[in-house]
Number of protein chains: 2
Amino acid sequence: MGTAERKAKEKEELKARILGAAKKLFAEKGIEQTTIRSIAKEIEYSVGTVYVYYKDKTEILHDLHQQGFAQLGGEFRALFHVSDPMERLKALGRIYMKFALENTQMYDLMFNMKAPMEFIKANEDHHWKEGNATFDALRKTVQECLDHGYFKGHQLEPLSFAIWGSVHGMCSLYIRDRVKAATGQEPDQLMNSAYEDLMFMFSRK
Amino acid sequence: MGTAERKAKEKEELKARILGAAKKLFAEKGIEQTTIRSIAKEIEYSVGTVYVYYKDKTEILHDLHQQGFAQLGGEFRALFHVSDPMERLKALGRIYMKFALENTQMYDLMFNMKAPMEFIKANEDHHWKEGNATFDALRKTVQECLDHGYFKGHQLEPLSFAIWGSVHGMCSLYIRDRVKAATGQEPDQLMNSAYEDLMFMFSRK
DNA sequence: TTGTTTTATTGAACAACGTTCATTATGTTT
DNA sequence: AAACATAATGAACGTTGTTCAATAAAACAA
């Protein structure tokens with residue numbers, strides 16, 4: 001029957017509106033200021049309604065973190081037309097860093113905050129498919145680099161993780177306000193120079 | 001007069017007890033469970049008393065983060081008897097990582113959480129002396145490495161930051177539960193292998 | 001010792017948070 | 001039109017960090 005379908009669609013729509021409001025507030029004010037009440041106010045519904053569509057806040061944050069991975073994943077996929085693996089690796093890192101610096105709150109949610117992982121632990125089968133897919137893109141590229149004679153003597157898995165960790169670390173220190181505070185340098189400039197330094201070392205045959 | 005001195009000492013003592021209780025709860029239960037009320041309960045004082053000695057929670061967390069840096073700084077200083085700079089660099093990284101994995105909550109506070117930096121911004125002159133001192137130990141060692149012909153063509157400042165970021169990134173991903181979730185590997189083992197991989201690349205002349 | 005003043009401690013009360021759930025409103029079906 | 005099902009509500013609960021008038025304790029002065 002048609003009513004059931006329409007209702008299902010309406011429910012989907014409202015859920016999407018909730019998520020949209022959360023995303024907006026999240027990007028604008030950060031997670032601290034993104035309360036359930038503020039989300040409800042944004043879409044002009046009551047607090048209770050939010051809880052009809054989302055069982056708790058971690059589920060909202062998990063959905064949000066998925067959107068972030070959808071975006072980053074898309075940008076990653078677009079880079080697979082770069083055939084030279086080392087060039088692609090550098091490009092992947094650049095895009096990753098750009099994403100982090102331009103979407104600090106979202107990056108923080110994806111790679112630093114505990115909420116999404118807690119949701120996965122509690123509701124899904126401990127399997128972080130978004131993280132896996134993204135890491136796969138890196139791993140695949142690193143494997144091709146190995147095949148082309150780069151990273152001689154290194155093993156795929158730890159090497160890939162080390163590369164991920166390296167870029168993530170700089171982004172993380174940036175987002176969590178440690179860069180300027182510790183180095184005294186202009187952060188954005190330092191980030192770029194440091195990234196070049198890293199990639200230079202990585203790309204030595 | 002003697003009473004004033006004694007009183008000052010007693011105040012110091014109680015403040016230290018508050019911090020000690022905070023440290024204990026913090027290490028045991030994590031920051032989420034370390035509430036002002038739980039600290040007050042631990043030392044058998046009322047909530048109000050805590051606020052006589054600490055103006056707010058960020059100040060407690062800042063003092064705690066200082067203790068962490070005192071410990072890490074001490075371990076760093078002990079490594080300066082290693083004369084070979086590259087050996088020392090490797091040792092510094094190892095100790096840093098060991099500290100992170102063995103004191104996850106404290107490391108998180110020192111390098112990830114916002115509270116200590118917010119306190120510094122609001123109360124001190126924007127100068128993160130703990131971070132500066134620690135970064136200096138790294139920078140000094142990196143400079144000696146440069147003097148010994150390592151890292152040819154790199155600049156001290158961005159290079160040092162890149163190295164810090166690399167190790168921090170792996171620790172951070174570990175602490176924030178992304179390692180196993182994304183790689184599917186046994187985390188501790190992966191951390192060690194990845195660290196070796198990094199240091200191998202760093203130490204190439 | 002007694003009265004006065006200063007200092008230390010208290011815990012009820014506040015605002016804001018995530019969350020719940022009986023109640024109300026709306027829409028659908030018979 | 002009545003009966004039923006679904007959706008939306010917002011007051012209320014338990015916790016959080018934080019404040020502050022009231023109380024207790026200690027120090028000082030006579």
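Just so you know, these numbers use all the heavy atoms, side chains as well, and skip hydrogens, waters and symmetry mates. So you know, we letter chains A, B, ... as the sequences are listed, proteins then strands, and number each from 1.
Judged as a ring pair (Phe, Tyr, Trp, His ring centres under 6.0 Å), and not counting sequence neighbours, the contacts of B:Phe200 are A:His154. Partners of A:Ser166 by side-chain contact (heavy atoms from CB on, under 4.5 Å), not counting sequence neighbours, listed by chain and number: A:Leu198, A:Phe202, B:Ser166, B:Leu198. The ring pair (Phe, Tyr, Trp, His ring centres under 6.0 Å) test applied to A:Phe119 returns A:His62, not counting sequence neighbours. In this structure, the ring pair (Phe, Tyr, Trp, His ring centres under 6.0 Å) partners of A:Phe135, at least two apart in sequence or on a different chain, are A:Trp164. Applying the ring pair (Phe, Tyr, Trp, His ring centres under 6.0 Å) rule to A:Tyr107 yields the partners A:Tyr96, A:Phe111, A:His168; only residues at least two apart in sequence or on another chain are considered.
Applying the salt bridge (charged side-chain N to carboxylate O under 4.0 Å, His left out) definition to pairs two or more places apart or across chains, those involving residues 40-55 of chain A are A:Lys24-A:Glu42. Every pair passing salt bridge (charged side-chain N to carboxylate O under 4.0 Å, His left out) that includes a residue from residues 156-166 of chain B is listed here, sequence neighbours excluded: B:Arg139-B:Glu157. Residue pairs satisfying the salt bridge (charged side-chain N to carboxylate O under 4.0 Å, His left out) criterion with at least one member in residues 102-118 of chain B, sequence neighbours excluded, are listed as follows: A:Asp108-B:Lys114, A:Lys114-B:Asp108, B:Lys98-B:Glu102, B:Asp108-B:Arg176.
For DNA chain C, the residues of residues 10-26 of chain B within the heavy-atom distance limit of 4.0 Å (strictly under) are B:Lys11, B:Leu14, sorted by number. Of all the residues in residues 107-118 of chain A, not one reaches under 4.0 Å from DNA chain C with any non-hydrogen atom.
Remark: P of D:dG10 and CD1 of A:Ile39 are 17 Å apart, rounded to the nearest angstrom. Across the protein-nucleic acid pair, B:Ile43 atom CD1 and C:dA8 atom P stand 15 Å apart, rounded to whole Å. C:dT9 atom C1' lies 18 Å from atom OH of B:Tyr54, rounded to whole Å.
Taking only side-chain nitrogens and oxygens, A:Ser46 never comes nearer than 4.0 Å to OP1 or OP2 of D:dA8. Of the side-chain N and O atoms in B:Tyr53, one or more sit less than 4.0 angstrom from OP1 or OP2 of C:dT9.
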Return all side-chain donor-acceptor pairs below 3.5 angstrom for residues 72-82 of chain A, not counting sequence neighbours, or 'none' if the list is empty.
unit_1  : atom_1 : unit_2  : atom_2 : d
A:Glu75 : OE2    : A:Gln71 : NE2    : 3.2
A:His81 : ND1    : A:Ala78 : O      : 2.5

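Formation of a donor-acceptor pair under 3.5 Å by the B:Tyr174 side chain with backbone atoms of B:Pro187 is not found in this model. B:Ser38 places no side-chain N or O within donor-acceptor distance of the main-chain N or O of B:Thr34, the cut-off being under 3.5 Å.
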Once each nucleotide of nucleotides 11-25 of chain D is scored for protein heavy atoms under 4.0 Å, what B/S/- sequence comes out, 5' to 3'?
-B---BBBB------
